[in-house]
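Report on the following structure.
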2 protein chains.
Amino acid sequence: MSDQRLAAGVDLGGTKIYSLVADSEGHVLGEDRRPTNAALGVDSVVERIVASVRAALEHADLEFADVEGLGISTPGPCDPARGLISEAPNLGWIDVPLVELVRKKVGIRTLLENDAAAAAYGEMRFGAARGKQHVLYVTLGTGIGGGIIIDGRIYRGASGAAGEVGHLVLEPDGALCNCGARGCLEALASGTAIAREAQKAIADGRSVTMAGIAGDRGVTGEIVLEAAERGDAVAEEIIRRAGRYLGLGLVGLLNTFNPEALILGGGLVGLGDLYLGPAFAAARECGFEQILNDVTMTTAELGGRSGALGAAALITDRQPA
Amino acid sequence: MSDQRLAAGVDLGGTKIYSLVADSEGHVLGEDRRPTNAALGVDSVVERIVASVRAALEHADLEFADVEGLGISTPGPCDPARGLISEAPNLGWIDVPLVELVRKKVGIRTLLENDAAAAAYGEMRFGAARGKQHVLYVTLGTGIGGGIIIDGRIYRGASGAAGEVGHLVLEPDGALCNCGARGCLEALASGTAIAREAQKAIADGRSVTMAGIAGDRGVTGEIVLEAAERGDAVAEEIIRRAGRYLGLGLVGLLNTFNPEALILGGGLVGLGDLYLGPAFAAARECGFEQILNDVTMTTAELGGRSGALGAAALITDRQPA
């Protein structure tokens with residue numbers, strides 16, 4: 001047994017709960033994964049979170065009393081100071097006082113943090129941005145979000161909404177974004193954007209390969225990637241174009257923040273060079289030289305663990321919620 | 001005489017030096033303005049800065065020993081920690097150790113700060129963002145720059161280059177920017193952008209009014225405004241369009257920072273509603289509701305004094321350089 005200080009971390013997602021127990025150096029001592037089953041309602045999900053953390057603790061021969069607290073990484077806008085999930089569309093939750101509900105059952109300090117911010121913190125403490133003070137983390141999936149670390153601490157802004165980096169406008173007359181604006185980074189470079197463009201190409205008969213792979217299923221980034229890897233030029237161009245837009249969004253973030261590290265995470269990182277190549281190239285082509293010299297631009301190191309590890313580290317670092 | 005703590009502040013510009021003495025509440029006790037005469041070289045400008053501050057002090061019956069220090073707001077990239085002006089194109093300076101040169105002559109604590117950051121600090125302490133902790137200040141002139149205040153302190157980034165908000169990309173295939181990229185906010189919404197579009201309109205014979213007002217002089221924002229006020233629809237559209245782009249840039253800044261205040265300063269604010277109306281409208285149309293509810297969006301209150309007052313306040317607030 002480590003004599004270090006310990007904490008539990010949970011990554012609460014729309015489909016699964018991932019829990020771990022880690023020490024203050026980010027070593028994982030135990031973990032657990034199980035479905036969220038969000039449809040069963042808030043109380044049921046709270047029970048599942050508690051059971052998952054208990055299982056992770058048991059794998060390390062620990063109990064709740066052995067850890068300093070529990071940090072929860074949550075999807076969507078939240079209010080860490082009040083321990084509230086403001087809105088979690090993929091859980092169907094609005095204004096759920098998650099911290100209070102969980103703390104009553106576990107009896108230890110509990111906090112929550114937005115998933116992108118928690119992942120940013122995790123990557124700063126234990127991953128690709130280790131030792132840096134000013135870090136941007138951009139999560140690339142169905143949507144595009146961001147976590148901002150300034151002076152080694154999560155920056156939340158006036159009301160916890162900071163980091164909506166998916167909503168930089170890049171094409172004023174571009175595709176409509178979920179947020180209601182046009183041509184946001186998210187509308188041009190996310191998984192949703194890639195799938196939309198692929199769908200259009202299939203409908204227009206421009207990609208027999210993608211049509212064949214997709215069949216009756218919806219088009220996803222993976223399908224577009226598979227088609228590209230089979231030599232489908234249309235699929236390749238869709239991914240490259242999204243990557244180029246991502247890079248132009250990163251230019252704005254770099255020039256504004258002058259960060260020490262810019263970390264890309266989330267499922268779309270799996271698209272690899274076809275997506276990340278044009279992104280990094282655009283950033284290097286258009287960013288300020290001094291700013292480019294200062295920054296380490298790379299992908300996340302902690303993978304699916306970054307949010308839970310970050311949330312646990314907020315406990316052992318005694319960061320304010 | 002106030003028994004409050006006092007500091008001197010200087011706004012060093014390409015054409016003029018503005019100095020003041022202020023107390024820690026931002027009350028101005030004395031001031032002085034004189035030409036920079038940058039062509040006479042660094043030593044001469046240093047002499048003029050010292051003479052200008054001495055004159056401002058004399059207006060308040062004070063000497064250098066009566067103030068806690070001297071803060072200098074400087075144009076362009078600088079390194080406050082080392083007291084260096086890295087590059088000031090409008091002074092023709094590169095790597096000038098201004099703090100050391102001035103301090104030797106005045107014998108009191110001296111610091112320098114980038115003008116947009118100093119103005120942001122001034123507006124936060126005494127102006128339109130008084131009492132706020134998270135403040136964005138955007139300066140609109142020939143170029144577009146920014147000052148960022150986080151937790152009540154200037155945020156400089158990894159090497160002091162943070163705040164280059166003029167280089168958010170807004171039109172990937174848009175006009176070429178001074179920075180080498182295309183379609184930056186600065187290339188679409190600055191005084192330079194407005195003048196460029198006006199020049200095009202004159203060359204194409206689309207605006208007899210602007211051609212008449214401009215005559216043999218170069219086109220400036222004021223000329224475009226004057227033409228618009230005389231009913232020239234082309235001039236009006238040029239200003240409105242620049243304002244709209246400004247607003248789309250502000251959307252990205254708002255969604256990323258979730259600030260408590262967003263302050264617009266600089267000469268272009270003089271274009272008034274024709275420019276600011278479309279800017280604020282675009283921001284309100286495209287920003288996130290929660291973020292818009294949090295923010296006060298307005299123009300600077302301290303006008304030409306914001307940089308010098310901010311630099312002086314960095315002294316009385318004992319902020320680190």
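Note: hydrogens, waters and symmetry copies are ignored here, and every other heavy atom, side chains too, is used. Every chain is numbered from 1 and lettered A, B, ... according to where its sequence line falls, protein lines coming before strand lines.
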- Distance from B:Y121 atom OH to B:F126 atom CZ, nearest 0.5 Å? 8.0 Å

- Task: Take B:L250 and B:L264 through the test side-chain contact (heavy atoms from CB on, under 4.5 Å) and record every step on the way to the result.
- Result: CA-CA 10 Å; B:L250 299 183; B:L264 303 183; 4.2 Å; yes

- Message: Looking at every heavy atom in both B:A283 and B:V251, which two are closest together, and how far apart are they?
- Response: CA-CG2, 3.7 Å

- Message: Measuring from atom CZ of B:R125 to atom CZ of B:R130, what distance do you get when rounded to the nearest 0.5 angstrom?
- Response: 10.0 Å

- Item | residues 133-159 of chain A: residues contacting chain B (heavy atom under 4.5 Å, by number) | A:H134, A:I148, A:I150, A:D151, A:R153, A:Y155, A:R156, A:G157, A:A158, A:S159

- Message: If you apply the rule side-chain contact (heavy atoms from CB on, under 4.5 Å), what do you find for A:R244 with A:E285, and how did you get there?
- Response: CA-CA 11 Å; A:R244 167 96 187 154; A:E285 180 191 320; 3.2 Å; yes

- Task: Under 4.5 Å, heavy atom to heavy atom: which of residues 164-171 of chain A reach chain B? Give them by number, or say none.
- Result: A:E164, A:V165, A:H167, A:L168, A:V169, A:L170, A:E171

- Would you find more than 12 non-hydrogen atoms of other residues, nucleotides or ligands less than 6.0 Å from A:N90 atom CG? yes

- Message: Quick check against the 3.5 Å criterion: does B:N114 have a side-chain atom that pairs as donor or acceptor with the backbone of B:A116?
- Response: yes

- Item | Reported CD1-to-CD1 distance for the pair A:I85 and A:I72, which is rounded to 0.5 angstrom | 7.5 Å

- Query: What are the residues of residues 288-301 of chain B, in order of number, with any heavy atom under 4.5 angstrom from a heavy atom of chain A?
  - Reply: B:F288, B:Q290, B:I291, B:D294

- Message: So, taking the atom named OG in A:S73 and the one named CG in A:D115, what distance separates them when rounded to the nearest 0.5 Å?
- Response: 4.5 Å

- Message: Main chain of A:A128, side chain of A:E123: is a donor-acceptor contact present, judged purely on distance under 3.5 Å?
- Response: yes

- Message: Looking at A:K200 and A:E197, is any side-chain nitrogen of the basic one under 4.0 Å from a carboxylate oxygen of the acidic one?
- Response: yes

- Task: To the nearest 0.5 angstrom, please state how far the OH atom of B:Y275 sits from the CD1 atom of B:I238.
- Result: 13.5 Å

- Message: Just to be sure I understand the criterion: a residue of residues 176-194 of chain A counts if one of its heavy atoms is under 4.5 Å from a heavy atom of chain B. Which ones qualify?
- Response: A:C179, A:A181

- Query: Which heavy-atom pair separates B:L111 from B:A311 by the least distance, and what is that distance?
  - Reply: CD1-O, 4.4 Å

- Note on the structure: In terms of heavy-atom pairs under 4.5 Å with chain A, the winner among B:G252, B:P172, B:C286 is B:P172

- Message: What part of B:P259 gets within 4.5 angstrom of chain A, counting heavy atoms only: side chain, backbone, both, or neither?
- Response: backbone

- Task: Specify which of A:G163, A:G249, A:G287 makes the most heavy-atom pairs with chain B at under 4.5 Å.
- Result: A:G163

- Message: Quick check on the interface: out of A:D173, A:L253, A:L248, A:L254, who has the most heavy-atom pairs with chain B under 4.5 Å?
- Response: A:L248

- For the pair B:T256 and A:T256, evaluate side-chain contact (heavy atoms from CB on, under 4.5 Å) and give the outcome as yes or no after the intermediate values. CA-CA 10 Å; B:T256 301; A:T256 301; over 6 Å; no

- Interatomic distance, A:L112 atom CG to A:L98 atom CG [nearest 0.5 angstrom]: 6.0 Å

